[in-house]
Amino acid sequence: MRAEAWVQSPADAADLIRRAAALIFDVDGTLAETEELHRQAFNLAFARHGLDWQWDCTVYKDLLRVTGGKERMRAYHTRLVTAPPLSDKDIAELHRIKTAHYAELVETGRCPLRRGVTDLLRAAKARGQRLAIATTTSHGNIDALLSRALGKRWAADFDAIVAGDDVRHKKPAPDVYLEILTRLKLVASDCVAIEDSANGLVAASRAGIPVLITRSMFFADDDFTGARAVLDDLSELLDRQTKN
């Protein structure tokens with residue numbers, strides 16, 4: 001199977017997906033609308049650590065331009081002229097606490113997979129396509145989400161999983177996607193990346209991988225120029241596959 005060189009309209013997205021040897025998924029915003037839970041978990045961690053930081057939706061949306069939780073906290077800290085110093089150890093501890101709070105929030109069942117995701121995963125496996133994950137989030141966050149949504153043995157369905165801490169540079173650098181290609185032993189044109197943000201689009205595109213965008217809550221107004229198709233959610237993709 002091989003992905004087509006260029007898709008001319010969103011209606012061709014289903015064919016692009018069917019022809020790919022591998023589908024590579026981002027996690028946050030793509031598989032599930034996780035970012036609001038991440039925001040709440042950050043605020044819980046700040047309070048527990050004795051910081052008076054409080055990220056509302058506007059602040060958090062701006063900070064999402066910085067990929068990676070630890071990097072996001074560091075970026076926010078540098079904006080606070082009078083803020084007390086935070087060491088790398090402090091940042092790591094904050095991130096550890098935040099990750100634990102995020103897992104607790106996910107476990108409440110408040111973050112199901114987005115529409116069409118489960119059906120697409122099933123259809124891909126039935127076609128014999130390979131599945132992979134390329135994300136800037138941590139392995140712990142991935143497991144918290146997918147263990148709840150897909151069961152404890154979810155990882156067995158994925159041929160490669162690359163998280164932010166596995167590579168030197170996070171998105172929009174192409175590192176996670178280049179590592180995925182190495183692990184799958186596939187060329188970029190044999191794959192399709194499924195993303196929700198401009199940073200993800202840039203990362204996959206720099207690796208030469210065709211990109212399908214599924215709009216998410218925090219990134220709906222991003223510039224998706226260069227994507228092969230832009231959908232509101234992946235159920236649109238399944239509808240087109242059925243019609244075809």
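Everything quoted here is computed from the prediction, not taken from an experiment.
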Trainee: Restricting to non-hydrogen atoms, name the atom on Ala41 and the atom on Leu105 that form the minimum distance, rounded to 0.1 Å.
Mentor: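 In terms of heavy atoms, the two residues are closest at N-CD1, 4.0 Å.
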
Trainee: Enter the distance from Leu212:CG to Leu231:CG here, rounded to the nearest 0.5 Å.
Mentor: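 Interatomic distance, Leu212 CG to Leu231 CG, rounded to 0.5 Å: 4.5 Å.
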
Trainee: Can you see which heavy atom on Cys57 is nearest to which on Glu36, and at what distance?
Mentor: SG-OE1, 3.8 Å

Trainee: For Asp56, I'd like to know if atom CG has over 12 heavy atoms of other residues, nucleotides or ligands within 6.0 Å.
Mentor: yes

Trainee: Side chains of Arg18 and Asp15: does their closest heavy-atom pair fall under 4.5 Å?
Mentor: yes

Trainee: Regarding Asn199 and Ser197, do their side chains bring together a donor and an acceptor under 3.5 Å, going by distance alone?
Mentor: no

Trainee: Is it true that atom CZ of Arg79 has more than 12 heavy atoms of other residues, nucleotides or ligands lying nearer than 6.0 Å?
Mentor: yes

Trainee: Under a 4.5 Å cut-off applied to non-hydrogen side-chain atoms, are Arg114 and Ser216 in contact?
Mentor: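 Result yes, sub-4.5 Å side-chain heavy-atom pair found.
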
Trainee: Taking all non-hydrogen atoms of both residues into account, name the closest pair between Ala21 and Leu186 and its distance.
Mentor: CB-CD1, 4.3 Å

Trainee: Are Thr118 and Arg122 close enough that some pair of their side-chain heavy atoms sits under 4.5 Å apart?
Mentor: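 The answer is yes, as the side chains (C-beta and beyond) meet within the 4.5 Å cut-off.
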
Trainee: Between Lys171 and Ala134, is there a donor-acceptor pair closer than 3.5 Å when you use the side chain of the first and the backbone of the second?
Mentor: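 Yes, because the side chain of Lys171 sits within donor-acceptor range (under 3.5 Å) of the backbone of Ala134.
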
Trainee: Taking all atoms of both residues into account, what is the closest heavy-atom pair of Arg72 and Leu64, and its distance?
Mentor: CZ-CD2, 3.8 Å

Trainee: State the CG-CG distance between Asp28 and Asp196, to the nearest 0.5 angstrom.
Mentor: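 Rounded to the nearest 0.5 Å, the CG-CG separation comes out at 8.0 Å.
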
Trainee: Please round to the nearest 0.5 Å and tell me the distance separating atom CG of Leu94 and atom CE of Met73.
Mentor: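 Nearest 0.5 Å value for the CG-CE distance: 5.0 Å.
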
Trainee: Do the charged groups of Glu93 and Lys89 touch, with an N to O distance under 4.0 Å?
Mentor: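 Looking at Lys89 together with Glu93, the answer is no, because their closest N to O distance does not fall below 4.0 Å.
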
Trainee: Are Tyr60 and Phe218 an aromatic pair by the rule of ring centers under 6.0 Å?
Mentor: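 Yes, ring centres under 6.0 Å apart.
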
Trainee: Could you state the interatomic distance from CD1 (Ile142) to CD1 (Ile161), rounded to the nearest 0.5 Å?
Mentor: 6.5 Å

Trainee: Could you tell me if the side chain of Arg215 sits less than 4.5 Å from the side chain of Val230, heavy atoms only?
Mentor: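 Val230 vs Arg215: side chains touch.
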
Trainee: Once rounded to the nearest 0.5 Å, what's the spacing between atom CG of Asp222 and atom CD1 of Ile213?
Mentor: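 One gets 8.0 Å once the value is rounded to the nearest 0.5 Å.
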
Trainee: CZ/Arg130 to NZ/Lys185 distance, rounded to the nearest 0.5 angstrom?
Mentor: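 The NZ atom of Lys185 is 9.0 Å from CZ of Arg130, to the nearest 0.5 Å.
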
Trainee: For the residue pair Ile17 and Arg127, establish whether any side-chain heavy-atom pair is separated by less than 4.5 Å.
Mentor: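 In contact.
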
Trainee: Are the ring centres of Phe42 and Trp53 closer than 6.0 Å?
Mentor: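 No, too far apart.
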
Trainee: If you take all heavy atoms of Gly208 and Ala188, which pair is closest and at what distance?
Mentor: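 Nearest pair, atom of Gly208 first, then Ala188: O-CB, 3.3 Å.
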
Trainee: Can you tell me if His101 and Asn43 form a side-chain donor-acceptor pair at under 3.5 Å?
Mentor: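 No, because no side-chain N or O of His101 sits under 3.5 Å from a partner of the opposite role on Asn43.
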
Trainee: Hey, are Arg206 and Asp175 close enough for a salt bridge, meaning a charged N less than 4.0 Å from a carboxylate O?
Mentor: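 A salt bridge is absent here (no side-chain N lies under 4.0 Å from a carboxylate O).
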
Trainee: To check you understand the geometry: which heavy-atom pair defines the closest contact between Ala20 and Val192, and what is its length?
Mentor: CB-CG2, 3.7 Å

Trainee: Taking the side chain as every heavy atom from C-beta outward, state whether Leu113 and Leu146 have any atom pair closer than 4.5 Å.
Mentor: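 A side-chain contact exists here, since the closest heavy-atom pair is under 4.5 Å.
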
